[in-house]
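Every value quoted in this text rests on a predicted model; they were computed, and no experiment measured them. The sequence lines fix the lettering, A, B, ..., with proteins before strands; numbering per chain opens at 1.
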There are 2 protein chains.
Amino acid sequence: MTCEPGLERDDLDMCETHEVDFRSAEEARASLPDTGYVAEVFRVMGDSTRLSILYLLLKREWCVHDLATILDTSVSNVSHHLRLLRTMRLVKATKVGRRVVYSLDDEHVETLMSEAFKHAAHG
Amino acid sequence: MTCEPGLERDDLDMCETHEVDFRSAEEARASLPDTGYVAEVFRVMGDSTRLSILYLLLKREWCVHDLATILDTSVSNVSHHLRLLRTMRLVKATKVGRRVVYSLDDEHVETLMSEAFKHAAHG
DNA sequence: CGCATATATGATTATATGTTCAAATATCGA
DNA sequence: TCGATATTTGAACATATAATCATATATGCG
């Protein structure tokens with residue numbers, strides 16, 4: 001494997017001692033999508049309290065007060081978490097009287113969660 | 001809706017001003033699984049660098065040096081992230097000469113990622 | 001209106017996390 | 001064995017985050 005012209009060797013100098021050709025690396029880098037958004041979704045789901053909220057919303061909608069009671073934490077805490085979930089458009093809020101009822105806003109999240117919990121039960 | 005005996009009203013006092021019966025809340029709480037492990041998996045996947053590593057490993061295995069080059073970061077940084085992924089058993093390491101080659105160790109992760117990226121492309 | 005309920009928000013704080021740097025270990029080749 | 005390469009590890013630091021508290025807004029009821 002030799003370094004061909006046209007490719008910046010300074011950027012991907014994998015052909016010095018590696019037998020791995022740097023063209024594969026170049027292709028790999030090019031094929032890499034923007035992971036930022038997906039990572040953010042995973043990060044938001046990667047908290048026990050928020051994941052519990054999402055899990056509860058799988059079956060039915062809940063208002064903030066009830067979520068806080070079920071999860072044994074403060075209304076304020078739940079509200080903060082819900083704001084994050086709302087920002088990421090994973091849940092949506094509907095005002096009902098003086099209450100705000102939350103429900104899932106993303107079908108994809110349900111798929112992700114059912115997959116994840118399925119695997120957790122398996123392992 | 002009245003509060004029946006046998007259930008701790010102090011714990012779930014949702015029948016005071018809520019029309020939501022607290023038995024539903026009690027059932028919801030009971031149905032809630034341990035979200036700790038799943039949340040941890042999501043959390044580990046919820047970092048752009050780690051998610052990129054996992055994405056690259058979808059196609060083929062890579063050694064640490066190459067991953068660092070492709071991701072344009074230090075070998076040390078990649079190694080730290082790989083340790084986390086290894087601890088969670090999402091990737092596995094194989095020593096080849098003086099190199100350590102990493103590959104995916106969890107079929108479930110592939111499912112989760114393909115789902116997530118599919119949805120990202122959709123939205 | 002006045003008061004209790006329901007939710008949201010901003011400030012604060014303790015902790016967690018990602019990255020970098022320096023150093024240690026290990027393997028290969030001359 | 002010596003030096004270069006490859007990876008790991010621990011310390012340090014800047015930043016991010018979750019939880020708490022106090023407060024603000026808004027709605028419903030008497």
Please confirm whether any donor atom in the side chain of [X] sits under 3.5 Å from an acceptor in the base of [N], or the reverse.
X: A:Ser76; N: C:dT7; value: no
X: B:Thr49; N: C:dT19; value: no
X: B:His80; N: C:dT20; value: yes

Per nearest nucleotide of DNA chain D, the residue lying toward the 5' end, A:His81 or A:Lys95, is A:His81
| query | According to a strict under-4.0 Å criterion, is A:Tyr102 in side-chain N/O contact with OP1 or OP2 of C:dA6? | reply | no
* Asked: Does B:Arg43 have a side-chain nitrogen or oxygen under 4.0 Å from the phosphate oxygens OP1 or OP2 of C:dA16?
  -> no
Restricting to non-hydrogen atoms, name the atom on [X] and the atom on [Y] that form the minimum distance, rounded to 0.1 Å.
X: A:His81; Y: A:Ile53; result: CB-CD1, 4.1 Å
X: B:Gly46; Y: A:Phe42; result: CA-CB, 3.6 Å
X: A:Val38; Y: B:Ala116; result: CG1-CB, 3.6 Å

[X] [atom1] - [N] [atom2] separation (whole Å):
X: B:Asp66; N: D:dT5; atom1: CG; atom2: P; result: 15 Å
X: A:Leu82; N: C:dT7; atom1: CG; atom2: C1'; result: 10 Å
X: A:Leu67; N: C:dA8; atom1: CG; atom2: P; result: 11 Å
X: A:Asn77; N: C:dT9; atom1: CG; atom2: C1'; result: 14 Å
X: A:Leu84; N: D:dA16; atom1: CG; atom2: C1'; result: 12 Å

* **Centroid under 5.5 Å and tilt under 30°, A:His65 to C:dT7** => no
Hey, does [X] reach any base, or is it just sugar-phosphate, or nothing, if we go heavy atoms under 4.0 Å?
X: A:Val64; value: sugar-phosphate
X: A:Val100; value: sugar-phosphate
X: B:Thr73; value: sugar-phosphate

Regarding the side chain of A:Arg83, the nearest nucleotide among C:dG18, C:dT17, C:dT9 is C:dT9
Per atom distances to the B:Arg98 side chain, the nearest of C:dG18, C:dC28, D:dA18 is C:dC28
Check: Can B:Glu115 and B:Lys118 be counted as an ion pair, charged N to O under 4.0 angstrom?
Finding: yes
Taking B:Arg29 for the side chain and A:Thr69 for the main chain, is one N or O donor matched with an acceptor at less than 3.5 Å?
-> yes
